[in-house]
There are 2 protein chains.
Amino acid sequence: MTLLTNAEDIAAILKTISPPTRLAILLAIGEGEACVCHLEAVLGKRQAYISQHLMALRQSNVLLDRRDGRFVYYRIAEPALLDLVRGAGRLAGVDTAAPVVPAVCECPHCSEQKPGYRKCAATSDNATQNQ
Amino acid sequence: MTLLTNAEDIAAILKTISPPTRLAILLAIGEGEACVCHLEAVLGKRQAYISQHLMALRQSNVLLDRRDGRFVYYRIAEPALLDLVRGAGRLAGVDTAAPVVPAVCECPHCSEQKPGYRKCAATSDNATQNQ
DNA sequence: TCGACATATTCAATTTTGCGAATATGACAA
DNA sequence: TTGTCATATTCGCAAAATTGAATATGTCGA
C-alpha cells in the first residue's frame, strides 16, 4: 500500500538472500540443482551450517527441494531471483558466472557415470574441514 | 576470487540497500532527486533518522548529494541500482512505480513556481510527527 | 534390525544493526 | 552576529541475525 509497506516486502526478500553464504549457495546452484554435500564441498563449510541456510531459503520459497534416496537436491524456485543476484554481482563488479566445479562431490548426481554407490567426497576423511 | 569472496561483495551492496527505510528512500527518489525534507514528508520519519540512512547510502556510493543553498538534494548514483530494487519489487509482487506525491514538501525544488522562500512543510507545526 | 551416511533441527552465544534522543554544523535573512 | 531553518553526526541500547556445537531424523544396504 504505502511506500514503506512496499519497501518492507522488498526488504524481506533481500534480507533472506543477503547473507554471503546464501548468495554463494544461489550462485553455486545456478540454473541447475545441487545436493547438500555438493554445496558443502564447493563452499568449504560444515554440513549443518549449510543446511540451516538451505532451510531458511526453502521456508522463504527461494529454493525448492527434491529428495532422491538419501540425497536432497535443491534448485532455485524463481529464475528471476538468480537474475537479481547476478545483477547485484555486476554492480559489485564480480564475476557471477556459474562456478566451474565439476563433480566435486561424488553423489550420483555429480558422477552418474560411475556405477554403484560411493560416499560423498565432501565428508570423506581427506576432505579439508575448515570453519 | 573464490565463490564466497564474490558472495561477500554482493552481500555488501544488498546489505546496504536492504533496510526498508533505505529501499523506500531509493523508490522515492527514483530517477529524479529529492531533498531531505521531501523524504521526511513522504516517509513520515524523523529528519535525523532519514539523514542517518542517507549518510550510509552516500558512504557506500549508492547516493550522490548536491547542495543548493540550505537544501541538499540526493540522487541515485547508478541507474542499475534502481533496476535492482524494482526487480526485487517485482519478485515481491509490489508496485515499484515512482510514488505520485507531488510537492509534499515546499522546498524550492518541489514548488518552483512559488515565489520567495517558504519553510519546508515536513517540519511545520501542523505536520504529523510520527515515530 | 543394525550400522553407515546424507541431511535436518535445536540451542546458545557473539556480533550486528535498527532506531531513538540529543546535539552539532552549515546556510541564509535581518 | 544573531536567529531560524535544513541537514549532519554522535551515542547508546534493545532486538535480531549470523554462525558454531551438539544432536536428531531419515534412507538404504547387509
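The sequence lines fix the lettering, A, B, ..., with proteins before strands; numbering per chain opens at 1.
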Give each protein N/O atom lying under 3.5 Å from an N/O atom of nucleotides 13-15 of chain D, with the pair distance.
none

Problem - Atom pair NZ/CD of A:K15 and A:E8 - distance to nearest 0.5 Å - result: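 So the NZ of A:K15 and the CD of A:E8 are separated by 9.5 Å.
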Problem - Spacing of B:L91 atom CG and A:I10 atom CD1 [to the nearest 0.5 Å] - result: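 Answer rounded to 0.5 Å: 10.0 Å.
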Distance, rounded to the nearest Å, where [X] contributes [atom1] and [N] contributes [atom2]:
X     : N      : atom1 : atom2 : result
A:R70 : D:dT27 : CZ    : P     : 12 Å
A:H53 : C:dA8  : NE2   : P     : 14 Å
B:I25 : D:dA8  : CD1   : P     : 11 Å
A:Y49 : D:dA21 : OH    : P     : 12 Å
B:R66 : D:dT7  : CZ    : C1'   : 15 Å
A:R46 : C:dT9  : CZ    : C1'   : 17 Å
B:I50 : D:dT9  : CD1   : C1'   : 16 Å
B:R67 : D:dT7  : CZ    : C1'   : 7 Å

May I ask you to test the [X]-[Y] pair for a side-chain heavy-atom distance under 4.5 Å?
X     : Y     : result
A:Q47 : A:V36 : yes
A:D68 : A:Y73 : yes
B:L14 : A:L23 : yes
A:H38 : A:V42 : yes
B:L43 : B:T21 : yes
B:Y74 : B:R66 : no

Handout entry: Contacting residues from residues 5-17 of chain A, given that a heavy atom lies under 4.0 angstrom of DNA chain C
Key =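 Output list: empty, so none.
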Exercise for the section: Would you confirm whether B:R67, through its side chain, and B:G69, through its main-chain N or O, come within 3.5 Å as a donor-acceptor pair? Expected result: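 Yes, the answer is positive, given that a donor and an acceptor are paired below the 3.5 Å cut-off.
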Practice task
Identify whether A:I29 and A:Y49 are in the same connected component of the hydrophobic contact network (ILVMFWY, side-chain heavy atoms under 4.5 Å).
Solution key: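 No; tracing contacts between hydrophobic side chains, which count when under 4.5 Å, never links both residues.
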Output a table of nitrogen or oxygen pairs between the protein and nucleotides 10-13 of chain C separated by less than 3.5 Å.
residue : atom : partner : partner atom : Å
C:dT10  : O4   : A:Q52   : OE1          : 3.3

Nucleotide of [options] approaching [X] most closely (side-chain heavy atoms):
X     : options               : value
B:T21 : D:dT7, C:dC19, D:dT19 : C:dC19
B:Y74 : D:dA8, D:dC5, C:dT7   : D:dA8
B:R22 : D:dC28, C:dG18, C:dT7 : C:dG18

Problem - Verdict with reasoning, A:E31 to A:R86, per salt bridge (Lys or Arg N to Asp or Glu O under 4.0 Å) - result: CA-CA 12 Å; A:E31 25 267 305; A:R86 289 183 174 156; 2.9 Å; yes
Problem - Base C:dA6 to side chain A:Q47, donor-acceptor N/O within 3.5 Å cut-off - result: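 No such pair is found, so the answer is no.
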Handout entry: Lys/Arg N to Asp/Glu carboxylate O, A:E40 vs A:R46, below 4.0 Å
Key =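 Here A:E40 does not pair with A:R46 in a salt bridge, since their nearest N and O are not under 4.0 Å apart.
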Exercise for the section: Assign each of A:G69 and B:L54 to its nearest nucleotide of DNA chain D by heavy atoms, then name whichever residue's nucleotide is nearer the 5' end. Expected result: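 Between the two, 5'-proximity favours B:L54.
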